[in-house]
Amino acid sequence: MNKEHFSKNFQIIENFRNNSALLSANSMGIYFEFNSECNLKVHFKPLNEVFNTDGFTNNKGILLNFERELIDEDDIEYALDVFSLFNKYPQFEITEASKIKQISNVFQLLKNEFYSNEMSHIMLKTLLKVLLLHLIRYQNNNFLKQDLNQKRVFQFLELMEKHFLENTKASFYANEIGISLKRLNQILKEKLNLTAKQIIQQRQITEAKRRLVRSKITTKELAFILGFDSISSFSRFFKKHIGVSPSAFRQQH
């Protein structure tokens, strides 16, 4: 993957101020406020949300923004841990100097690699993974308040990540969580501004793009894996969301 193409999936912005600078609604964002050697505030932007910039202490922080496909390329356990990191809490603080130094060191390596003329996709992805794993560990060590609806959002995303290939109906996830489909959609609209069906379709598109680029799977096989009755229905679905047919998308990438 060349640098120009990778920049469409990953960016670092210093002095971030406006959500319009984000890659897309389907991207994930982390805003770091290095306030002192003993205070780091970390803000998270999950999928389909925006940052509440009113909660920023200052505008001198650094934004790390990347598309979800960089996470989907890895194993499902890691992906679920990352979704948990982003969806449990909108922010948390780190006040131990040693932990802040670790985060700062990894982040600096990430920046150096991103701005390097010899930037490596594999190196950048590896450093991003190390950074996220540090944040997952530190977040799990903190007791933070989480509202019930936010828990249900995470439940839905976790279930969907495990079952979206065999269960594409939103009612399945509502039943698993133990609430009505209407209530599930109310919660998701409130938190993510999308319905369950829209989020499932978004995940199908991400998976389709990943497999088209990363494997030699045929369009017929892909349509079957994603739960479509025919190639034509899958092709219409894909073109509606991406603007080109599956075969054209593969040729472009």
Side-chain angles (χ1 to χ4, degrees), residues 10-19 21-23 27-47 49-68 70-71 73-116 119-120 122-155 157-158 161 191:
F10 183 97
Q11 65 176 344
I12 295 173
I13 300 177
E14 302 193 38
N15 302 320
F16 168 73
R17 288 184 174 83
N18 195 306
N19 282 291
L22 296 170
L23 289 168
S27 67
M28 309 172 86
I30 312 175
Y31 183 71
F32 296 89
E33 290 185 290
F34 291 92
N35 296 316
S36 72
E37 291 183 358
C38 295
N39 185 273
L40 167 61
K41 187 174 285 187
V42 185
H43 305 259
F44 296 98
K45 182 205 105 53
L47 300 174
E49 293 190 37
V50 294
F51 284 110
N52 177 11
T53 54
D54 292 339
F56 294 175
T57 305
N58 58 64
N59 289 323
K60 296 181 180 179
I62 304 175
L63 170 72
L64 181 62
N65 184 210
F66 53 92
E67 296 289 359
R68 68 171 291 166
L70 294 183
I71 304 302
E73 291 173 0
D74 281 282
D75 61 90
I76 188 169
E77 289 82 7
Y78 166 62
L80 289 174
D81 282 343
V82 173
F83 294 142
S84 174
L85 172 70
F86 278 77
N87 285 282
K88 278 184 177 178
Y89 318 102
Q91 66 180 56
F92 74 95
E93 278 188 277
I94 301 174
T95 55
E96 293 181 39
S98 60
K99 292 180 178 180
I100 294 172
K101 187 175 181 180
Q102 279 187 320
I103 295 292
S104 179
N105 288 343
V106 176
F107 196 87
Q108 189 58 53
L109 289 171
L110 192 62
K111 282 179 63 178
N112 291 346
E113 186 64 28
F114 181 67
Y115 291 119
S116 170
M119 187 270 285
S120 162
I122 295 174
M123 180 70 80
L124 207 58
K125 265 197 64 181
T126 301
L127 289 168
L128 174 61
K129 187 170 186 176
V130 171
L131 179 64
L132 292 173
L133 289 173
H134 275 302
L135 291 173
I136 289 166
R137 175 184 292 172
Y138 298 155
Q139 188 193 68
N140 288 341
N141 290 339
N142 285 277
F143 177 78
L144 297 165
K145 185 179 179 181
Q146 182 184 13
D147 69 70
L148 178 60
N149 286 348
Q150 196 65 43
K151 284 183 179 179
R152 284 172 169 166
V153 170
F154 176 64
Q155 279 182 286
L157 293 173
E158 185 177 39
E161 197 63 31
K191 296 291 184 179

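Nothing fancy with the numbering, it's 1 onward along the sequence.
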Exercise. When rounded to the nearest 0.5 angstrom, what distance separates CD in Glu113 from CE in Met119?
Worked result: 7.5 Å
Exercise. Atom OG in Ser104, atom CD1 in Ile94: separation rounded to 0.5 Å?
Worked result: 11.0 Å
Problem set entry | Gap separating the CD atom of Gln91 from the CZ atom of Phe44, nearest 0.5 angstrom | 9.5 Å
Problem set entry | Heavy-atom closest contact (Gly29 atom, Leu63 atom, distance) | CA-CD1, 4.4 Å
Problem set entry | Reported NZ-to-CG distance for the pair Lys129 and Leu110, which is rounded to 0.5 angstrom | 14.5 Å
For this session: List the steps and the verdict of side-chain contact (heavy atoms from CB on, under 4.5 Å) for Asp81 and Leu132.
Result: CA-CA 9 Å; Asp81 282 343; Leu132 292 173; over 6 Å; no
For this session: Return the minimal non-hydrogen interatomic distance between Phe114 and Gln11, and the atom names on each side.
Result: CZ-CA, 4.0 Å
Exercise. Looking only at atom types and distance, does a side-chain atom of Asn65 sit under 3.5 Å from a main-chain N or O of Leu23, one as donor and one as acceptor?
Worked result: yes
Exercise. Can you list the residues that meet the side chain to side chain donor-acceptor pair (under 3.5 Å) rule with Lys111, with sequence neighbours excluded?
Worked result: Glu14
For this session: Mark yes or no for whether Glu158, through its side chain, and Leu80, through its backbone, hold a donor-acceptor pair below 3.5 Å.
Result: no
Exercise. Should the pair Phe86 and Phe66 be assigned to parallel (<30°), tilted (30 to 60°) or perpendicular (>60°) ring geometry?
Worked result: perpendicular
Exercise. How long is the gap from CG on Leu85 to CG on Leu133, to the nearest 0.5 Å?
Worked result: 9.5 Å
Exercise. Measuring from Phe92:CZ to His43:NE2, what's the distance to the nearest 0.5 Å?
Worked result: 11.0 Å
Exercise. With a 4.5 Å heavy-atom cut-off, do Phe107 and Leu127 have their side chains touching?
Worked result: no
For this session: With the side chain counted from C-beta on, respond yes when Phe10 and Lys125 share a heavy-atom pair under 4.5 Å apart, and no when they do not.
Result: no
For this session: For Glu96, check salt bridge (Lys or Arg N to Asp or Glu O under 4.0 Å) against everything at least two apart and list the hits.
Result: Lys99
Exercise. Of all heavy-atom pairs between Leu40 and Ile100, which one has the smallest distance, and what is that distance?
Worked result: N-CD1, 3.6 Å
Exercise. Quick one: does Thr126's side chain have a donor or acceptor within less than 3.5 Å of a partner on Ile122's backbone?
Worked result: yes
Exercise. Considering residues at least two apart in sequence or located in another chain, which fulfil the side-chain contact (heavy atoms from CB on, under 4.5 Å) criterion with Ser36?
Worked result: Cys38, Asn39
Exercise. Yes or no on side-chain contact (heavy atoms from CB on, under 4.5 Å) for Val130 and Leu109, after CA distance, side-chain angles and deciding distance?
Worked result: CA-CA 11 Å; Val130 171; Leu109 289 171; over 6 Å; no
Exercise. Counting only N and O atoms by type, is there a donor-acceptor contact under 3.5 Å from the side chain of Lys101 to the main-chain atoms of Glu37?
Worked result: no
Exercise. How far apart are the closest heavy atoms of Ile71 and Ala79, and which atoms are they?
Worked result: CG2-CA, 3.6 Å
Problem set entry | Where Leu135 and Ile103 come nearest, the two heavy atoms and their spacing | CD2-CD1, 3.8 Å
